[in-house]
Structure formats: structure tokens, C-alpha cells
Amino acid sequence: MTVAFEIDGGKPLHGLVKVGGAKNSALKLLPAALLAPGRHVISNVPDVSDIATMVEVLRSMGVDTKTEGSVFTLDVPDEIDPVAPYDLTSRMRASIQILGPLLARCGRAQVAMPGGCNLGSRKLDMHLQALEEMGVEFSTSHGDLVAEAPKLKGGRIVLEFPSVGATENVLLTAMGTDAEIELDNAAREPELADLCEMLVAMGAEIEGVGTPTIRMRGTTTPKPVRQTVVGDRIEAGTYLVAGAITDGQVTVEGVDPLNLELFLQKLAQIGVEIDIGTNWVTASRSDSGLRAADVITLPFPGFPTDLQPQTAALLTFAQGTSVITENIFDGRYQYVNELERMGADIRTDGRHAIVTGPTALQGAPVAAPDIRAGAALVCAALAAPGHSSIANVELIDRGYEHLVAKVQGLGGAIERRM
Ligand code: EPU
């Protein structure tokens, strides 16, 4: 039997929740430490299982890691073994971010083809093409990707799509040369700014962070650094939905509202009152009730795909027909069948989902298909009267720290059953 969340729904959530550091930043900052031998200190690292997996990957390469709360100290040795083992990398797609630092540092890398959330096809073609343009040669060996970089070169690279992972791998690999790289159609996600800040602290020169064109010059003598992880905008957005969907009022603290701009605009359009400060956001339903709205996911600064399932759950409570268009992942509607078991009316057709509301959701046994879909089911179960049992919560644990304690702190009736 898998681990489950047992939820008694129908109670409004109220109060303040502190968000942790962004999983999708920390998962890149930890392997970036491989670039420079010596002691790195990374703070505000979230306590989620994907981070534990990344730490195991780094340990397997000889990195000594200590954690004190959210502060991670990494001692990177002078010699590292540039091989990432299958049993670890197959658990998580982000292990492909180990490629860049290993290539920059050792000129070669052997990484088992990554696994991770089942979100559709999720190819690596853009990573490989961009790195080939930098002089990396790839081959495969028994399920491993073998990368060799006799000499890394600079030049201009244009990504076909602003892929977060491909952008990061180019920047990480570029640390292995002092030739200038210009990356066009780069991703602009806020978590990338953390990585760039870390690379600059190590000695790189980087311009254009947060724009589609990044110019960078790496360094052959990188220094160990201290870096803090940005607050998790996706965790924050999830708790804001949990407040609004239960007709409560939730404040999230530890997140820059500018990193949630379009999501907050959409919530306001749906009928959620939003109040913001420098590092906090409060959300509660307006008196006029929830209204249908169309949602289109796009790379940052567009509406984040990682908040699409939670928003769909909220829209089941809204009056009217909402059309959701998912442009990032082709496997992101796996929560639909589960929400339908709870009483939602959602039809999907390729990239689109049509949500007709309001529907009176009821508690039901469901299973989490991936991290964010699982979070959407938690939101729905908190709002739906009756008992819900959510199976496969190991997937939710990959990206949400202390979810049970945080929801209980807001007054939600949730327990973990082993
Ligand atoms: N893609 C390709 N070829 C490539 C790279 C990407 O076809 O070489 C496709 C992917 O299959 C996907 C789209 O391009 O359809 C976007 O992929 P991207 O590379 O931008 O995403 P990622 O780096 O794989 C990160 C986050 C995701 C988040 C996306 C988009 C991490 C570890 N993961 O994935 O987070 O949804 O960016 O913002 O940073 C999550 O946290 O639940 C999660 C899935």
C-alpha cells in the first residue's frame, strides 16, 4: 500500500504559511556546486524528497554534504567521479542538470537517461543540440548518456523553445570555457536568476538574466560560494488556491509577488481578492463568488504550468465554462479523471480542458498522478465535503515540504497514513 493523505474536507483554511525555498532552483544550485572544489553553503533549501535524491547523486560523486535545517554545506573534492548512477537518476528528470557541471569540470560525463514525473514525452533534444553546438559529443552506452567535451567553445546558440532545463545546462556547461556564449530564446523563470547569481559569485560574467538573450563568459578558476534559494512561487500559489477553494483566507510569506504576477491576475479575474506586500500575498474569495476564466500556460512570465492543475480544481467551483490550454507539457491532465471521481465536470481534448462549473465536489478515494496534480487533488479534497483518501503521496512529497503540518497549521483536517 502506498502512503496516503486522509482529508476531511469542507473546512475553510485560514492563516499564514511560510513557503520554503524553490525546489526547482535548489535542484540546480546543488549540482552547480560541483563546478568548484571547496566548501559551498546553500541556504533556504526545501525539505522535499527530490532534494534528498539530488544529495544522494552528489554523494555518489564524492561530495560531502551536511544539512542543518534548510542550510546545506557541500564540500566538493578536488577529484570527482563524473558518473551519475542509474538507480538515482532514473528517479528524477532534474538529474540531467548534472551534465553541465560535470562537462565543465571534467570534460566528460556519464548520466543514466533521467526519469521523473510522468508528464508526457519530455525529450532532451534541445539540451543535446545546444551542448553539441558548444563542442560536446554524445553517445549512448547501455542506457547511459555519455558526453565528452574535448574542448568547449563559445558562440551563439538559439533554443527552439525557452526550455528551463536546456537553458540551465548551457549556462552550467559554459562555466568550462572563458569563451563568450550568447544564448537566445533563453528561459526567464525566476529560479534561473538564482543559478546565474551563483555562477557570477563563482567568477562568471553574465548579462541579460530574465531576458530572452543571456550573454555569458565562464571562468576556468571558479570559487566556492554561498547562495540562498528564492522562495517557492509554486508552493505559494498552491496554498493561495487552497485558501480560495475552501472559502478561507490564506497568507503566504517568503515569496516575491512579482514572481506570481500572471497567476495572481488570473486569480483576481476568477474572483479571488488579492493583497500583496514585499514578500507576502493574501488571497480570499470575493463576495461576488467565483467566475469562470480561461487559462493558457506559457513559459515565464506566462501563466505557470506548475499551477495549472491547482487552478483547474479551483475553477470547478466557478460559475461558467473555463477553457484551459496547456502549452508546456503534453501529460498534464492526468488529474482530470481523479477530479471527475470527486464530481467535477471536465472534458479534455489534446492541449485543452473544458471545466464546467460550479460542481459540488464530494470527498472520494483518488490517487496523485504527479507532484502538481497531487497538489490539485489536495486542494479539491480540502474543499469537498466528506472524506478523501489521496494515494501515491510520495509524488507530492517530491515537491512540497511538510505539507501535512502546513495545512494543519491553516486549520485543515489532514493526516498522513503510512
Ligand atoms: N523539451 C523538449 N526537449 C528538450 C527540453 C524540453 O522537447 O530538450 C520540452 C519538454 O518535454 C516540455 C517543454 O519542453 O514539454 C518544457 O520543458 P522545460 O525544459 O522548460 O522544463 P524542465 O526543465 O524539464 C522545469 C521544471 C518543471 C516545470 C518546467 C516549466 C525542474 C526540475 N522542473 O522542467 O517543474 O514545470 O521547468 O516551468 O526545474 C514540477 O516542479 O512539478 C515540474 C514539472
Side-chain angles (χ1 to χ4, degrees), residues 2-5 17-33 42-59 63 65-74 87-98 114-119 164-165 168 189-191 194-195 227-242 252-255 259 304-307 309-310 368-379 390-410 412 414 416 418:
T2 68
V3 184
F5 288 158
V17 61
K18 287 198 172 146
V19 302
K23 162 185 84 84
N24 289 346
S25 168
L27 276 177
K28 325 303 166 62
L29 301 188
L30 294 172
I42 303 183
S43 314
N44 203 29
V45 179
D47 184 9
V48 297
S49 65
D50 269 6
I51 293 294
T53 305
M54 183 55 85
V55 164
E56 275 185 73
V57 172
L58 296 179
R59 284 192 176 140
V63 178
T65 318
K66 287 188 197 66
T67 60
E68 226 183 294
S70 64
V71 181
F72 282 41
T73 305
L74 296 99
D87 59 322
L88 298 174
T89 52
S90 60
R91 282 191 229 158
M92 185 175 73
R93 182 172 159 96
S95 10
I96 197 66
Q97 301 317 138
I98 209 96
C117 267
N118 175 23
L119 291 177
V164 174
E168 290 161 346
E189 270 62 10
E191 294 74 26
D194 274 0
L195 179 63
Q227 180 66 41
T228 302
V229 178
V230 67
D232 195 323
R233 64 195 163 103
I234 307 301
E235 187 195 15
T238 303
Y239 287 110
L240 294 177
V241 168
V252 291
E253 192 184 78
V255 66
N259 293 344
T305 175
D306 288 344
L307 286 170
Q310 301 88 319
D370 64 66
I371 306 177
R372 309 304 172 187
L377 294 176
V378 170
C379 292
I390 303 180
N392 294 347
V393 300
E394 295 89 340
L395 290 170
I396 303 176
D397 293 339
R398 291 183 53 183
Y400 287 90
E401 66 170 13
H402 315 149
L403 183 138
V404 168
K406 288 186 183 184
V407 171
Q408 286 172 344
L410 296 171
I414 181 170
R416 175 185 290 268
M418 304 305 270

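- Among residues two or more places apart in sequence or in another chain, the side chain to side chain contact (heavy atoms under 4.5 Å, CB included) test is passed with Asn44 by Thr228, Val229.
- Here the side chains of Ile414 and Leu403 are in contact, with some heavy-atom distance below 4.5 Å.
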query = For Leu58 and Val55, what are the C-alpha separation, side-chain angles and deciding distance, and is it a side chain to side chain contact (heavy atoms under 4.5 Å, CB included)?
reply = CA-CA 5 Å; Leu58 296 179; Val55 164; 5.5 Å; no

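- In terms of the salt bridge (charged side-chain N to carboxylate O under 4.0 Å, His left out) criterion, residue partners of Lys28 (sequence neighbours excluded) are, by chain and number, Glu168.
- Residues Thr53 and Ser95 fail the side-chain proximity criterion, which asks for heavy atoms closer than 4.5 Å.
- When the side chain to side chain contact (heavy atoms under 4.5 Å, CB included) test is applied to Pro304, the partners found at least two apart in sequence or on another chain are Arg233, Ile234, Phe263, Leu307.
- Take Thr305 and apply the side chain to side chain donor-acceptor pair (under 3.5 Å) test, not counting sequence neighbours, and it matches Glu326, Arg332.
- Taking the side chain to side chain contact (heavy atoms under 4.5 Å, CB included) definition, one finds that Ala375 meets it with Thr238, Gln310, Tyr400, sequence neighbours left out.
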message = What verdict does the salt bridge (charged side-chain N to carboxylate O under 4.0 Å, His left out) test give for Lys23 and Glu191, after you've listed the backbone C-alpha separation in whole Å, the side-chain angles of each residue and the deciding distance to 0.1 Å?
response = CA-CA 9 Å; Lys23 162 185 84 84; Glu191 294 74 26; over 6 Å; no

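- Legend: residues meeting side chain to side chain donor-acceptor pair (under 3.5 Å) with Gln227, ordered by chain and number and at least two apart, are Glu197.
- To the nearest 0.5 Å, atoms CD1 (Ile42) and CG (Leu74) are separated by 5.5 Å.
- Met92 CE to Ile98 CD1: the interatomic distance, rounded to the nearest 0.5 Å, is 8.0 Å.
- Here the shortest heavy-atom pairing between Val255 and Ala236 reads CG1-CB, 3.8 Å.
- Applying the side chain to side chain contact (heavy atoms under 4.5 Å, CB included) rule to Arg416 yields the partners Val3, Phe5, Val393, Asp397, Val404, Met418; only residues at least two apart in sequence or on another chain are considered.
- Side-chain contact between Pro31 and Met54 is present, with heavy atoms from C-beta onward closer than 4.5 Å.
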ask   = side chain to side chain contact (heavy atoms under 4.5 Å, CB included) between Asn24 and Val164: does it pass, once the steps are laid out?
value = CA-CA 10 Å; Asn24 289 346; Val164 174; over 6 Å; no

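- Scanning both residues, Ala373 and Pro309, for their nearest heavy atoms gives CA-CB, 4.0 Å.
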Side-chain donor-acceptor pairs under 3.5 Å in residues 65-73, sequence neighbours left out?
{"residue": "Lys66", "atom": "NZ", "partner": "Asp64", "partner atom": "OD2", "Å": "3.4"}

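- Contact check for Leu29 versus Leu195: side-chain heavy atoms found under the 4.5 Å cut-off.
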inquiry  = Does Glu401 form a side chain to side chain contact (heavy atoms under 4.5 Å, CB included) with Asp232? I'd like the steps, not just the answer.
reply    = CA-CA 11 Å; Glu401 66 170 13; Asp232 195 323; over 6 Å; no

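- The nearest pair of heavy atoms linking Val241 to Cys379 is CG1-SG, 3.9 Å.
- In this structure Asp50 satisfies the side chain to side chain donor-acceptor pair (under 3.5 Å) test together with Arg398, sequence neighbours excluded.
- A 4.5 Å side-chain heavy-atom check between Ile51 and Pro46 finds at least one atom pair inside the cut-off.
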